[in-house]
Novice: 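This structure is in structure tokens; I'll ask about it shortly.
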Amino acid sequence: MNRQNLLLLAFEDEAILARSLAAALDCPLAFVQCHRFPDGELRLVLPKPLPPQVVLLRGLQQPNDKLIELLIAAPTARELGAVRLLLVAPYLAYMRQDMEFTPGEAVSQRHIARLLSQHFDALITVDPHLHRIASLDEVMPAGQGQALSAARLLGQWVAHQVPGALLIGPDEESAQWVSEAAAAAGLDFAIGRKLRHGDHQVQLALPDRDVQGRAVVLLDDMASTGRTLIGAAEQLLARGAASVDVAVTHALFNGDALPALRGAGVRHVWSSNTVPHETNAVSVVPLLQQAILQAL
Ligand code: R5P
């Protein structure tokens, strides 16, 4: 049954995910028209009027302009008729800045989460980088944020592509996703440790496991510069791994990350479609569909 009192609202650069999600929800889809003025300001046009239930899809990769879009689009949506307004941000930015690493440093995680919670009735996201907190409830009103996980789907994909693979998480934070992926797929796993010295400088201590002749798949929540995965892949290949593949939830792949990963000897790179990218192999749409229907 077509849900006429529900609209999925999205932006053109996420049209593929939006169309797939609208089909799964069996609801109409419309796009926000977006114009950038010469001075950098944005002009947004939303469909008028809006139905009472609106789901706004906006992934927050390269987040700063997109946050401004949300700050303008959310109150406009309410003026145009939205009563229940959900934000689906498959990738939720600023979650790694979760403590005052340097005196005076903003704990952006808290502020961005709170800001979004003030504009939307609910937020649905996938594998937010929650490291020093256990759930989004610690940074927004309880129950307002829902964190889904692509780890099981990635684990099942990996098990299908590379039967018997050894899953390795490059750092302690990845343990939450790697252990879930391994359990879902019946695969063995191990976790390394990481010290980050700068945006592109990481020092990795991989687990003391015999990888000689083994097919290894590195699994993490995201690849940004790719340096974490590159460092891990180089060590594993030097230790005799038969192959190294990579699976991540969020394919940020900034700058030269993807060619550099391939240059380091990584065979396959797979990601979920939370961030539109050529490596997308696993769809989170069924997860999002279920969560949205529950949250409406
Ligand atoms: C942080 O620990 C995350 O889980 C990723 O490992 C990290 O953000 C990847 O960053 P990059 O690709 O820049 O090394």
Side-chain angles (χ1 to χ4, degrees), residues 59-64 89-101 105 107-109 112-113 125-136 139 147-151 153-155 158 167-182 189-207 216-237 244-266 268-272 274-275 277-280 282 284:
L60 290 172
Q61 52 280 5
Q62 296 294 332
N64 295 349
Y91 174 68
L92 183 58
Y94 283 106
M95 292 297 106
R96 285 170 293 175
Q97 292 182 38
D98 59 355
M99 70 173 269
E100 187 183 4
F101 296 96
E105 183 175 344
V107 184
S108 309
Q109 181 189 66
I112 296 296
T125 188
V126 183
D127 290 333
H129 192 88
L130 305 184
H131 178 209
R132 291 173 188 84
I133 62 170
S135 105
L136 287 171
V139 286
L148 310 172
S149 181
L153 297 173
L154 287 174
V158 166
L167 286 185
I168 291 190
D171 51 28
E172 291 97 327
E173 290 114 291
S174 66
Q176 55 186 300
W177 301 291
V178 178
S179 57
E180 195 180 329
F189 76 96
I191 304 295
R193 279 177 292 118
K194 178 171 79 181
L195 207 55
R196 186 177 279 281
H197 299 293
D199 291 344
H200 291 77
Q201 292 81 36
V202 294
Q203 192 181 336
L204 289 159
L206 290 187
V216 178
V217 178
L218 289 163
L219 196 139
D220 207 353
D221 59 334
M222 72 182 79
S224 173
T225 66
R227 265 52 198 181
T228 300
L229 296 170
I230 289 167
E234 285 172 346
Q235 286 191 27
L236 290 164
L237 290 168
V244 176
D245 303 312
V246 158
V248 292
T249 300
H250 307 297
L252 301 183
F253 293 114
N254 295 305
D256 70 347
L258 193 58
L261 256 183
R262 295 203 163 116
V266 169
H268 299 297
V269 182
W270 301 300
S271 62
S272 85
T274 55
V275 178
H277 194 262
E278 63 184 89
T279 59
N280 290 170
V282 169
V284 295

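Along the sequence shown, residues are numbered consecutively beginning with 1. Because the structure is a prediction, the values reported are computed rather than measured. Each ligand, and each atom within it, is numbered from 1 in the order the structure gives.
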Novice: Assess, by modelled atom type and distance only, whether the side chains of Gln61 and His250 contain a donor and an acceptor separated by less than 3.5 Å.
Specialist: no
Novice: Could you tell me whether the side chain of Asp171 and the main chain of Arg193 form a donor-acceptor pair under 3.5 Å?
Specialist: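 Between the backbone of Arg193 and the side chain of Asp171 there is no qualifying donor-acceptor contact (under 3.5 Å).
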Novice: Select one of side chain, backbone, both or neither to describe which atoms of Leu229 lie under 4.0 Å from any atom of ligand 1, heavy atoms only.
Specialist: neither
Novice: Could you go step by step and tell me if Arg262 and Asp256 meet the salt bridge (charged side-chain N to carboxylate O under 4.0 Å, His left out) rule?
Specialist: CA-CA 10 Å; Arg262 295 203 163 116; Asp256 70 347; over 6 Å; no
Novice: Does ligand 1 have a heavy atom under 4.0 Å from the side chain of Arg196, from its backbone, from both, or from neither?
Specialist: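 Just the side chain.
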Novice: Check His129 against ligand 1 and report side chain, backbone, both or neither, counting heavy atoms closer than 4.0 Å.
Specialist: side chain
Novice: Under 3.5 Å between any N/O of Met222 and any N/O of ligand 1: does that happen in this structure?
Specialist: no
Novice: Any sub-3.5 Å donor-acceptor pair from His277's side-chain atoms to Thr279's backbone N or O?
Specialist: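 It does hold such a pair.
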Novice: Could an N or O of ligand 1 be found under 3.5 Å from any N or O of Asp221, whether backbone or side chain?
Specialist: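 Indeed, backbone or side chain, Asp221 has an N or O that close.
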Novice: Heavy-atom distances under 4.0 Å decide this one: backbone, side chain, both or neither, for Asp220 against ligand 1?
Specialist: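 Answer for Asp220: side chain.
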Novice: Return the residue, atom name and 0.1 Å-rounded distance of the protein heavy atom closest to atom 8 (O) of ligand 1.
Specialist: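 Going by distance alone, atom 8 (O) of ligand 1 is nearest to Arg96 NH1, 2.8 Å.
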Novice: Check the angle between the aromatic planes of Trp177 and His129 and answer parallel, tilted or perpendicular using the 30° and 60° thresholds.
Specialist: tilted
Novice: Gln235 side chain to Leu204 main-chain N or O, any donor-acceptor pair under 3.5 Å?
Specialist: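 Yes; at least one donor-acceptor contact below 3.5 Å.
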Novice: Please report which non-hydrogen protein atom sits nearest to atom 13 (O) of ligand 1, along with the residue it belongs to and the distance in Å to one decimal place.
Specialist: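 For atom 13 (O) of ligand 1, the nearest protein heavy atom is Thr225 OG1, 2.6 Å.
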Novice: What atoms of ligand 1 come closer than 4.0 angstrom to any heavy atom of Ala223?
Specialist: 12 (O)
Novice: Looking at every non-hydrogen atom in both residues, tell me the closest pair between Pro90 and Thr274 and how far apart they are.
Specialist: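 That closest heavy-atom pairing would be CB-O, 3.5 Å.
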Novice: Out of Thr228, Val248, Asp171, Thr249, whose heavy atom is nearest to atom 14 (O) of ligand 1?
Specialist: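 Residue with the shortest heavy-atom distance to the ligand atom: Thr228.
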Novice: Does ligand 1 have an atom that lies less than 4.0 angstrom from a heavy atom of Ser174?
Specialist: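 Judged by the 4.0 Å heavy-atom criterion, Ser174 does not count as contacting ligand 1.
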Novice: Are any of the N/O atoms in Lys194 less than 3.5 Å from those in ligand 1?
Specialist: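 By distance alone, the answer is yes.
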Novice: Number the atoms of ligand 1 from 1 as they appear, then name those within less than 4.0 Å of a heavy atom of Gly226, with their elements.
Specialist: 11 (P), 12 (O), 13 (O)
Novice: Out of curiosity, Leu60 CG to Ile112 CD1, how far, rounded to the nearest 0.5 Å?
Specialist: 8.5 Å
